[in-house]
Amino acid sequence: MTTFIEIVRRDLRLSMRHGMDTIMVVMFFVLVILLLPLGVGPEPTVLARISGGMIWVSALLASMLSVERLFQTDYEDGSLELLVIQPFMLELTVTAKVISHWLITGLPLLIIAPLLAGMLHTGKDGFAALLLTLAVGTPLLSLIGSIGAALILGARQGSILLSLLVLPLYIPILIFGVSAVDAAIHGLPWRLPVLILGSLLIGLAPFSVWATAAALRETMRR
Amino acid sequence: MVTSSSDRENVYFASDQVACFRGGRTVFVGVTFSINSGGAVLVKGPNGIGKSTMLRILAGLMRPIYGTLKWHDHKTHVEPEIHFKRIHYVGHHDPVKPALTVIENVSFWASLHGTRDHVQSALEEFDIAHLADVPARFLSAGQKRKVNLTRILTAPTRLWLLDEPTTGLDAATVAKFEQCMAAHRNSGGMIILSTHTPLDLPEAQVLNLSDYQPEAAAHDNLY
């Protein structure tokens, strides 16, 4: 447990010192949303209708952009090979790193999302659904992204490969996330999609961690 | 050096007929050696012969295609975490984060091995205690290597696997490190290392990987 906290603390500290990860993700997220009214026009009804989908798509892309670096620097400076041969389960290390990734990139998105939802006239019903689905969905994005991040280590053109690997797996999260927000905006019950997202999180968390650890071990054998 | 009796307990690590297949070719076959408490093995051979690969196999980072590694009678790959607890591995890279200070870097790796008690004394050992609060991005290549070597002094393990550990070090530090290795062996530790620079490693066995190159005929037999 102490090792777990040590790894989270180290990653948070590294991110604080560099400061770029969080700023990059939030800036990307905000800029994409800011471009939207310029593209589709400023009518509140139109914006409200597409706001859930837009916020979700931007959050998804922002998360994917940042997850690429989850293992990259550790891989380049040799930290990763040492992390693989520490006297505890590699799955623990992976969990710690995914949690720090979410704290560094997912949580800021969650905090900034209400502001953007306000800009897009999402309305108070959609608001609650948006926050709840993002709260459940962004950890899922980090988890699935970590598998891709581990698989692309050492590959050239890794970022393109990462999007090819990870974006198809993000589709269910997007569908259930957006359908909950849409249902809420139209005054329909939106409990079911949120529950499905929650069960995806519970079900995929152990699998993703295991798959990521396996991919990292395999990377070391090349 | 005073050591407790449990530290003195004899250990035995052996490589039995280890072969490695990598990048479409057989790197080496039939590597067999054993090492006891206080022993040392010097892995030799020209560039590209597989010294680093051999050390990565011994560390458990890679698996041999044939053969086994044994710690007493236990095969190391059966419970890798137990093997990882016994070893320190120094590879080609220095896992030193530029954004963290020297002491933060060393403390992190020490805490993963469960103790931070020896961080300060280890820093003093390599004369980098005065750099403790300096961010590692200001360090030279040699100083980064010192930080990396400090890491292995912070937590005692039985087996040190060192892949050209003295790269970039000045003569004084190399001498210091030779003392550290001697102390480690005196307290019952084992060292397996590869190097291209002369290092004082008394009574070390020499493992020349040139002797384990696959012959054309052996190649056919293996597959």
Are the charged groups of [X] and [Y] less than 4.0 angstrom apart, N to O?
| X | Y | value |
| --- | --- | --- |
| B:K51 | B:D163 | no |
| A:R217 | A:E91 | yes |
| B:D170 | B:K176 | no |

Closest approach of B:L61 to A:E81 (non-hydrogen atoms, all atoms of both residues): CD2-O, 3.6 Å

Between A:L80, A:L14, A:T73, the one whose heavy-atom pairs under 4.5 Å with chain B are most numerous: A:L14

Interchain contact, [X] with chain B, by part (heavy-atom threshold 4.5 Å):
| X | result |
| --- | --- |
| A:M89 | both |
| A:R17 | side chain |
| A:E218 | neither |

Top of B:T53, B:N148, B:L112, B:I57 for chain A proximity - count of heavy-atom pairs under 4.5 angstrom: B:L112

Side chain, backbone, both or neither: which part of [X] has a non-hydrogen atom closer than 4.5 Å to chain A?
| X | answer |
| --- | --- |
| B:V90 | neither |
| B:R151 | side chain |
| B:I87 | side chain |

Close side-chain approach of B:F21 and B:V27, heavy atoms under 4.5 Å: no

Under 3.5 Å side-chain donor-acceptor pair for A:W102 and A:T138: yes

